[in-house]
Structure formats: C-alpha cells, structure tokens
Amino acid sequence: MVDRENAGLPGPFHGDDPETFRDYLDVDPDDYQFGLVDAGERFGYKTTVATATARLDLMGFTAERCRREMTECFRGLTAWDGPDNIHEHVAPGSDPARKVTDDDIAEIGLRAYLKRGPAYMETKLTELEELCLDKLELFFEGDLDRRLLIAGLLDGQNSQAILRLDLSDLLSGGAFKSTDEISAQALQDLREETASTGPIIVLTEGKFDSRVLPRALKLVRPDIAGYFKFLDFDTTRAPGGTDKVVANLKSFAAAGVMNRVIGLLDNDTAGREAIKQIAGIALPKHYSACLLPDLEYTRSYPTIGPSGEVDDNINGRACSLEFYFGLNSLQGPKGVPVPVQWKAYKESVQDYQGELTNKQYVQSRIDALLTAAEAGDPLDESWEPIRLIAQTLIGKAQTR
C-alpha cells in the first residue's frame with residue numbers, strides 16, 4: 001500500500017533503539033521507564049495525511065462515503081427502534097439550539113474518536129461524545145472495512161500531518177516479514193482480490209456478440225451470468241474484429257487491468273490465426289483467449305466456393321456466434337440453411353476463411369428467439385450450443 005522509502009515508512013523498531021520507536025509513536029520517553037510502551041520489536045506504517053487520503057480516494061474510501069454510510073445506518077436504526085437519548089441532546093454550536101441529528105452523530109462520533117486518543121493517554125469525553133462514539137463503534141462492528149473509518153477520520157486534518165499505524169501485531173503474527181516490501185505485497189493482494197471477485201471481462205469480436213451473449217447467458221445460466229462483463233460496442237462505438245480482440249488483450253495487460261479477462265473468438269480461420277498470435281504474447285496469468293466450441297451440426301454444412309455448392313466441415317473455419325442458436329435459426333427464407341461463402345486464404349494457418357452469406361437475416365431470427373425465450377418460451381435442445389459457450393467461459397475463468 002505504501003512505498004516504505006518514499007513515504008518514510010520505518011523498518012523494524014527495536015527496544016535498544018528508543019529514538020526510532022519514540023519518533024514513530026510520538027510518546028513521552030518516560031513511558032518506556034514506566035512500562036507504558038512495549039519495548040519489543042515494533043513495525044509501522046508512516047506517511048502524510050495527503051498521501052493516505054489520495055490513496056484511499058482511489059480505492060473508493062472517501063470521507064463523504066464514510067459519513068453517508070454512517071448516517072444511513074443511524075437513520076435505519078432510528079426507524080427500527082425509534083429515537084434514543086442521543087437525539088435529545090442539543091447540537092453543539094447550533095444557533096438557534098437544535099436537537100442532534102443522525103448526521104451530527106456521525107460527525108461528533110468521528111471527532112470524539114480522535115479526541116479520545118490511545119488508551120494510555122485517554123482524554124475525558126462529554127456525555128454526548130461518549131454516546132456518539134458508542135454509535136460509531138456499533139456501526140463498525142462486523143465486516144465493514146476499516147479503511148472507511150480512516151478516511152472519515154483524516155477528513156479536515158492537516159494534509160502534511162503524519163499518519164502512523166502500528167503494524168507490530170501483524171508482523172509478530174506472521175502476516176509479513178520485516179524485510180518484505182509491504183507496498184508491493186499489498187498491491188499484489190489487491191490484484192488477486194480483484195481478479196477473484198471483480199467482474200470477468202469478456203472481449204468479443206463485435207457488437208452483435210456483446211449484445212446477445214449476455215442475454216443468452218441469463219437464460220441458460222442465470223446463476224453465473226452476472227459475473228461476466230462484455231465490452232459495450234454500442235455505447236463506446238469501439239471498433240470490432242478479430243485483430244481488436246488481440247489488441248485489447250495486449251492493451252488491458254499493458255494498463256494493468258486486474259480483472260480476469262477472456263478473449264472470446266469466433267471458431268473460424270481468423271480466430272485460429274488470432275489464437276496463434278496470442279500464444280506468442282506474455283499475458284498475465286489471469287488473462288486467456290479461446291475459440292467458440294465445435295458444433296456437431298456444422299461438421300457438414302452448406303458452403304459456396306470455387307468448386308460450387310458443397311457440404312463441408314466449417315468448425316474452426318467459419319463458425320461465428322450466429323451458428324450457436326440452433327440449426328433452426330440458420331434456416332433461410334427457402335427453408336434451407338443459409339450457406340457459408342469461402343473467402344480469403346489465411347497463410348499462417350493454411351486455410352480459407354468462411355462467412356455466413358446473410359448474417360443480418362440470421363441475426364434477426366436470433367433476436368426474435370431471445371425475445372421469445374425471455375418472455376417464457378421453454379429452452380429446448382437448440383440452446384445446447386449456448387450452454388457449451390457458458391461452460392467454456394466458466395472453464396477459462398477458473399484456469400489461472
């Protein structure tokens with residue numbers, strides 16, 4: 001979280017070096033003599049209020065959020081149990097005098113926390129301060145992140161004042177070693193947490209894929225659909241294409257995006273060519289790429305090429321997402337499957353690239369199919385290819 005050298009974070013604190021220890025904790029030297037301070041090894045985090053506040057803000061732990069969540073909590077308690085005797089006090093400095101509100105409780109509680117100080121030099125608080133402090137401590141019971149409390153406490157403090165946190169208990173408990181780079185370790189922990197709990201970003205080749213796949217996943221796997229986030233081509237007007245999936249994987253890695261990222265490519269010749277390129281790129285371990293899965297009914301599918309109309313295996317050669325909503329969605333106006341047209345030859349994989357001849361027609365049928373399913377039509381065996389895609393994404397997300 002903090003660069004020890006640049007932020008002034010001291011190393012281990014030893015009992016035979018009381019100057020370092022005293023400078024770290026800002027305690028009176030006599031406290032050592034009277035046993036008010038542990039003379040064992042100490043370890044701490046030290047930086048300016050400005051630096052700590054900036055870093056907390058970047059992580060979303062702002063003073064405004066702290067006060068807002070505290071106030072909402074107190075209002076909820078008041079609505080549940082009714083006002084308590086805190087609300088009968090007069091708000092300090094109010095003119096004309098007014099009763100304490102839930103907003104006041106949050107502010108007074110934070111200031112009382114600072115005023116009270118450490119146990120060995122605890123300051124006497126007023127009755128109202130004690131009551132507000134009790135409310136604050138009630139709010140922070142449980143799993144709430146203590147960084148939120150720190151953000152609230154630092155608000156309004158001198159930006160150049162020094163913030164010190166004693167990490168000695170964590171050191172002695174084995175959380176880290178005194179020789180560890182705490183900053184690097186904290187950032188790595190954050191990356192792993194984000195990769196584990198943040199949304200899984202899926203990069204597709206175009207806007208049709210990114211528009212219909214989330215809808216399809218909600219139908220076949222509603223239990224996991226919300227864990228995947230698809231690049232929004234419609235809003236961002238980002239360019240699509242196989243090459244853009246490769247470029248985005250590289251860009252995300254270069255920018256240090258911590259989420260798990262999956263490049264989902266069409267099961268065609270261009271997709272195979274892209275997979276070959278990606279294999280030569282040093283991507284983070286939580287990045288991956290894959291083709292759409294093979295299908296049984298595309299092992300013999302109508303195609304048009306130099307040799308005329310021939311049924312051919314188009315797995316790995318022409319299977320875009322349009323092929324994954326069942327054979328019925330591929331039926332053309334004449335009642336036969338819309339054929340694939342063979343196009344450019346890809347030298348790197350020594351094969352021709354195929355493309356569906358009437359994509360817009362098939363896409364409109366898929367949109368109608370999705371709308372009907374969302375309205376309650378049962379999901380038959382034609383949805384099995386989408387289930388295969390869901391399983392492919394889950395497998396890639398779990399491989400790290």
Side-chain angles (χ1 to χ4, degrees), residues 1-2 45 47-94 98-119 122-123 125-159 161-167 169-170 175 183 186-187 189-200 226-227 229 258-259:
M1 184 173 175
V2 167
Y45 162 39
T47 191
T48 64
V49 167
T51 296
T53 300
R55 290 173 176 174
L56 287 167
D57 285 349
L58 285 174
M59 291 185 282
F61 298 100
T62 65
E64 188 277 332
R65 176 187 163 193
C66 176
R67 284 174 171 77
R68 182 180 69 249
E69 292 193 13
M70 288 176 65
T71 300
E72 289 173 357
C73 172
F74 299 152
R75 285 175 182 161
L77 291 173
T78 300
W80 184 265
D81 293 329
D84 52 32
N85 59 351
I86 301 178
H87 297 89
E88 296 303 312
H89 283 262
V90 174
S94 59
R98 61 174 175 79
K99 296 296 179 67
V100 166
T101 65
D102 293 308
D103 298 271
D104 294 327
I105 295 172
E107 183 63 34
I108 296 169
L110 288 169
R111 301 285 73 82
Y113 190 99
L114 289 169
K115 178 180 176 182
R116 181 180 60 180
E122 195 167 299
T123 302
L125 301 178
T126 66
E127 180 186 2
L128 177 58
E129 288 172 333
E130 291 281 7
L131 292 170
C132 292
L133 191 56
D134 287 343
K135 281 275 191 178
L136 181 147
E137 291 176 345
L138 177 66
F139 172 69
F140 280 98
E141 285 182 357
D143 297 329
L144 281 170
D145 199 305
R146 291 286 166 165
R147 286 174 290 185
L148 197 60
L149 172 61
I150 296 172
L153 294 172
L154 294 182
D155 187 42
Q157 302 300 312
N158 179 353
S159 62
I162 299 299
L163 169 69
R164 293 177 174 86
L165 295 177
D166 186 358
L167 306 178
D169 289 343
L170 292 175
S183 174
L187 287 173
D189 290 345
L190 179 61
R191 289 189 186 98
E192 292 179 357
E193 179 182 353
T194 303
S196 298
T197 61
I200 302 156
Y227 286 84
K229 177 71 175 176
M258 299 178 186
N259 303 65

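Computed from a prediction, not measured in an experiment: that's the story for all the values here.
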(message) Which residue in the set R98, H89, H87 passes side chain to side chain donor-acceptor pair (under 3.5 Å) when paired with D104?
(response) R98

(request) Quick one: pull up CG in D103 and CZ in F74 and give me the separation to the nearest 0.5 Å. (result) 10.0 Å

(request) Can you measure from CG (L114) to CD (Q157) and round to the nearest 0.5 angstrom? (result) 5.5 Å

(request) Return the minimal non-hydrogen interatomic distance between V100 and I86, and the atom names on each side. (result) CB-O, 3.7 Å

(message) Can you give me the closest heavy-atom contact between A52 and L154, atom names plus distance?
(response) CB-CD1, 3.9 Å

(request) Sequence neighbours left out, what passes salt bridge (charged side-chain N to carboxylate O under 4.0 Å, His left out) with K99? Give chain and number order. (result) E88

(request) Look up atom CZ in R75 and atom OG1 in T71, then write down how far apart they are to the nearest 0.5 Å. (result) 5.5 Å

(message) List the residues meeting side chain to side chain donor-acceptor pair (under 3.5 Å) with E137, not counting sequence neighbours, and say none if there are none.
(response) R116

(message) Quick check for you: to the nearest 0.5 Å, what is the distance between T48 atom OG1 and I162 atom CD1?
(response) 6.0 Å

(request) State whether the side chain of T51 and the backbone N or O of T47 hold a donor-acceptor pair below 3.5 Å, judged by distance alone. (result) no

(message) Taking salt bridge (charged side-chain N to carboxylate O under 4.0 Å, His left out) as the definition, give me every residue that meets it alongside D102, ordered by chain and number, with sequence neighbours left out.
(response) none

(message) Can you list everything that forms a side chain to side chain donor-acceptor pair (under 3.5 Å) with E64? Sequence neighbours excluded, please.
(response) R68

(request) Ignoring hydrogens and angles, tell me if any N or O in the side chain of E72 forms a donor-acceptor pair with the backbone of E69 under 3.5 Å. (result) no

(request) Report the distance from atom CG of L149 to atom CG of L136, rounding to the nearest 0.5 Å. (result) 6.0 Å

(message) Please enumerate all residues that pass side-chain contact (heavy atoms from CB on, under 4.5 Å) together with S159, with sequence neighbours excluded.
(response) A50

(request) May I have the step-by-step check of side chain to side chain contact (heavy atoms under 4.5 Å, CB included) for L133 and R111, ending in yes or no? (result) CA-CA 9 Å; L133 191 56; R111 301 285 73 82; over 6 Å; no

(request) Provide the closest heavy-atom pair for L148 versus F61 in the form atom of the first, atom of the second, distance. (result) N-CD2, 3.8 Å

(message) Please find the pair of heavy atoms, one from C66 and one from G152, that lie closest to each other, and give the distance.
(response) SG-CA, 3.9 Å

(request) Identify, with sequence neighbours excluded, every residue that meets side chain to side chain donor-acceptor pair (under 3.5 Å) alongside T62. (result) none

(message) Taking salt bridge (charged side-chain N to carboxylate O under 4.0 Å, His left out) as the definition, give me every residue that meets it alongside D134, ordered by chain and number, with sequence neighbours left out.
(response) none

(message) Please give me the minimum heavy-atom distance between A63 and A151, naming the atom from each residue.
(response) CB-O, 3.7 Å

(request) With sequence neighbours left out, write down each residue that passes side chain to side chain donor-acceptor pair (under 3.5 Å) with R67, or none if nothing qualifies. (result) E107, D155

(request) Measure the NZ-CG distance between K115 and L110 for me, rounded to the nearest 0.5 Å. (result) 14.5 Å

